[in-house]
2 protein chains.
Amino acid sequence: MKDNNDMPGHLARRFQQIAVAVFLAEVEDAGFDLTPVQYAALATIKANPGLDQVTLAGLIAYDRTTITGVIDRLVQKGLAERRASSRDRRARELVITDEGRRTLRKITPAVESAQRIMLRGLSAKEGEELMRLLRKAIAAGNDLSRAPLRDVQA
Amino acid sequence: MKDNNDMPGHLARRFQQIAVAVFLAEVEDAGFDLTPVQYAALATIKANPGLDQVTLAGLIAYDRTTITGVIDRLVQKGLAERRASSRDRRARELVITDEGRRTLRKITPAVESAQRIMLRGLSAKEGEELMRLLRKAIAAGNDLSRAPLRDVQA
DNA sequence: GAATATTGCTCAGTATGCTGACTATCAGTA
DNA sequence: TACTGATAGTCAGCATACTGAGCAATATTC
């Protein structure tokens, strides 16, 4: 009988569970209230001003139905804005606000600290190897989820 | 500026997302309707008949408030039963039903197939190494989440 | 240019996960 | 025994994630 600890799926769930908890704790200690998902979305909006929701979803591999709620909350917190697109009236252009920019800047140390903490059981070399293997497994399985990563050809 | 692909937290989310999608697809192909979480709970109940909910939660690192709903659904599907404990009237003893046992047995090939598919981008050696690193990182971060893994001393 | 297909977004419904609060019960102690 | 603290379970509320359906607008095809 295979143990849970031999199941990559189970290990993935556990590691993610810890990663989220560490992220939230570090960010809260820094005086902010932002989830990992909201952080990734906000950082991606900042790096790609004016992108639409589907493109954002593709860049961070979120489901398009999930993005709606995430952006709702970013907007509600005053960190981002949804604007009507002039090119396509179906689409919304997303932009970061000054407040969002400020938040991103101030929150960065906490985010980086969280990444270190969640790997604290591993040596630097092991941490790198873990990330390499995850990237490789993810690349091979990308199309197996409903929300695959998609590159944009601007 | 660090890329998402350099963030273990982001990679963890992506890998888990794929792992769940693969699991659900394989299980559905086999003609069953069981989530990864429900499967782990059911398998653990089978291996530890009569255990209470808190112990179950500790064995698979679920939050105790999450367990309630998971068991509700296992019971509703007729795969497990909740019984009053004679030793402690607060506790519920969990047991697997015959139907649950049958389901577990028939679903096992699909579950194992799912574990292989989610590692399909890696060699056997790399898959082992990924699991080793995940186990190590998880062990070091176990107490950082609200739902740590807990061993039982029968 | 009209019919068809596709796309961007939203919504309803379900299933994890979590925080925090509450009830019932048990355990230990004065 | 009464008091105190801890524990088992549930619930309300919020935030991901997904399925599937639907609406509005754009693209494509004839």
Side-chain angles (χ1 to χ4, degrees), chain A residues 9-10 12-14 16-25 27-28 33-41 51-58 60-74 76-77 82-94 144-148 150, chain B residues 9-10 12-14 16-25 28 33-41 51-58 60-77 82-94 144-148 150:
Chain A
H10 187 79
R13 194 190 62 81
R14 289 279 290 124
Q16 219 256 327
Q17 177 185 48
I18 291 166
V20 171
V22 168
F23 186 100
L24 291 176
V27 164
E28 192 190 347
D33 170 33
L34 208 66
T35 67
V37 160
Q38 289 164 17
Y39 170 81
L51 85 173
D52 63 286
Q53 295 187 189
V54 169
T55 304
L56 171 59
I60 48 187
Y62 290 8
D63 191 278
R64 73 185 190 289
T65 63
T66 301
I67 277 283
T68 299
V70 173
I71 296 174
D72 281 349
R73 288 177 278 279
L74 288 177
Q76 200 240 318
K77 289 176 184 175
R82 249 195 277 244
R83 292 181 185 161
S85 166
S86 47
R87 290 169 290 104
D88 186 336
R89 272 186 298 169
R90 289 169 303 183
R92 316 301 184 83
E93 288 178 358
L94 304 172
L144 301 176
S145 81
R146 165 160 151 170
R150 297 200 188 292
Chain B
H10 188 78
R13 193 189 64 80
R14 289 280 291 124
Q16 218 257 326
Q17 177 185 47
I18 291 167
V20 171
V22 168
F23 185 100
L24 291 175
E28 192 190 346
D33 169 33
L34 208 65
T35 66
V37 160
Q38 289 165 17
Y39 170 80
L51 84 174
D52 63 285
Q53 296 187 191
V54 168
T55 304
L56 171 59
I60 48 187
Y62 291 7
D63 191 279
R64 74 185 193 286
T65 64
T66 302
I67 278 282
T68 298
V70 174
I71 297 174
D72 281 349
R73 287 178 278 280
L74 288 178
V75 168
Q76 200 240 317
K77 289 175 183 176
R82 252 197 274 244
R83 292 181 186 161
S85 166
S86 47
R87 292 168 290 103
D88 186 337
R89 273 186 298 168
R90 289 169 304 181
R92 316 300 184 84
E93 288 178 358
L94 304 173
L144 300 176
S145 81
R146 166 161 152 168
R150 298 200 186 291

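Quick caveat, the model's predicted, so the values are computed rather than measured. By convention in this document, chain letters (A, B, ...) are assigned in the order of the sequence lines, proteins followed by strands, and residues within each chain are numbered from 1.
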Can you name the side chain to side chain donor-acceptor pair (under 3.5 Å) partners of [X], sequence neighbours left out?
X     : answer
B/T66 : none
A/R13 : none
B/D63 : B/T65, B/R146
A/R90 : A/D88

Which protein N or O atoms sit under 3.5 Å from an N or O of nucleotides 13-17 of chain D?
unit_1: D/dT16; atom_1: OP1; unit_2: A/T35; atom_2: OG1; d: 2.7
unit_1: D/dT16; atom_1: OP2; unit_2: A/Q38; atom_2: NE2; d: 3.0
unit_1: D/dT16; atom_1: OP2; unit_2: A/R73; atom_2: NE; d: 2.6
unit_1: D/dT16; atom_1: OP2; unit_2: A/R73; atom_2: NH2; d: 3.1
unit_1: D/dA17; atom_1: OP2; unit_2: B/R13; atom_2: NH1; d: 3.4

Residues which pass salt bridge (Lys or Arg N to Asp or Glu O under 4.0 Å) with A/R89, listed by chain and number, not counting sequence neighbours
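With neighbours one apart ignored, the set is empty.
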
Sequence-distant partners of B/A12, side chain to side chain contact (heavy atoms under 4.5 Å, CB included), two or more places apart
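If we apply the side chain to side chain contact (heavy atoms under 4.5 Å, CB included) test to B/A12, skipping adjacent residues, the hits are A/F15, A/Q16.
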
Partners passing side chain to side chain contact (heavy atoms under 4.5 Å, CB included) against A/V22 (at least two apart in sequence or in another chain)
A/I18, A/E26, A/A114, A/I117, B/L144

Would B/V54 and B/I67 satisfy side chain to side chain contact (heavy atoms under 4.5 Å, CB included), going step by step from the backbone distance to the final call?
CA-CA 8 Å; B/V54 168; B/I67 278 282; over 6 Å; no

When you compare the side chain of A/V37 with that of A/I60, does any pair of heavy atoms fall below 4.5 Å?
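No; the side chains remain at least 4.5 Å from each other.
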
With 3.5 Å as the limit, what N/O pairs link the protein to nucleotides 8-11 of chain D?
unit_1: D/dG9; atom_1: OP1; unit_2: B/Q53; atom_2: N; d: 3.4
unit_1: D/dG9; atom_1: OP1; unit_2: B/R92; atom_2: N; d: 2.7
unit_1: D/dG9; atom_1: OP1; unit_2: B/R92; atom_2: O; d: 3.4
unit_1: D/dG9; atom_1: OP2; unit_2: B/Q53; atom_2: N; d: 3.0
unit_1: D/dG9; atom_1: OP2; unit_2: B/V54; atom_2: N; d: 2.8
unit_1: D/dG9; atom_1: O6; unit_2: B/R64; atom_2: NH2; d: 3.3
unit_1: D/dT10; atom_1: OP1; unit_2: B/R82; atom_2: NH1; d: 3.2
unit_1: D/dT10; atom_1: OP2; unit_2: B/Q53; atom_2: OE1; d: 3.3
unit_1: D/dT10; atom_1: OP2; unit_2: B/Q53; atom_2: NE2; d: 2.9
unit_1: D/dT10; atom_1: OP2; unit_2: B/T68; atom_2: OG1; d: 3.2
unit_1: D/dT10; atom_1: OP2; unit_2: B/R82; atom_2: NH1; d: 3.3

DNA chain D in dot-bracket form (Watson-Crick or G-U pairs under 3.5 Å, [ ] crossing, | inter-strand) is ||||||||||||||||||||||||||||||

Going by salt bridge (Lys or Arg N to Asp or Glu O under 4.0 Å), name the pairs with one or both residues in residues 64-75 of chain B, residues two or more places apart or in two chains.
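Pairs touching residues 64-75 of chain B that pass the test: B/D72-B/R82.
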
Distance in angstrom units between B/R150 CZ and D/dT7 C1', rounded
13 Å

Between B/D33 (CG) and C/dA15 (C1'), how many Å, whole number?
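For the pair B/D33 CG and C/dA15 C1', the rounded distance is 11 Å.
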
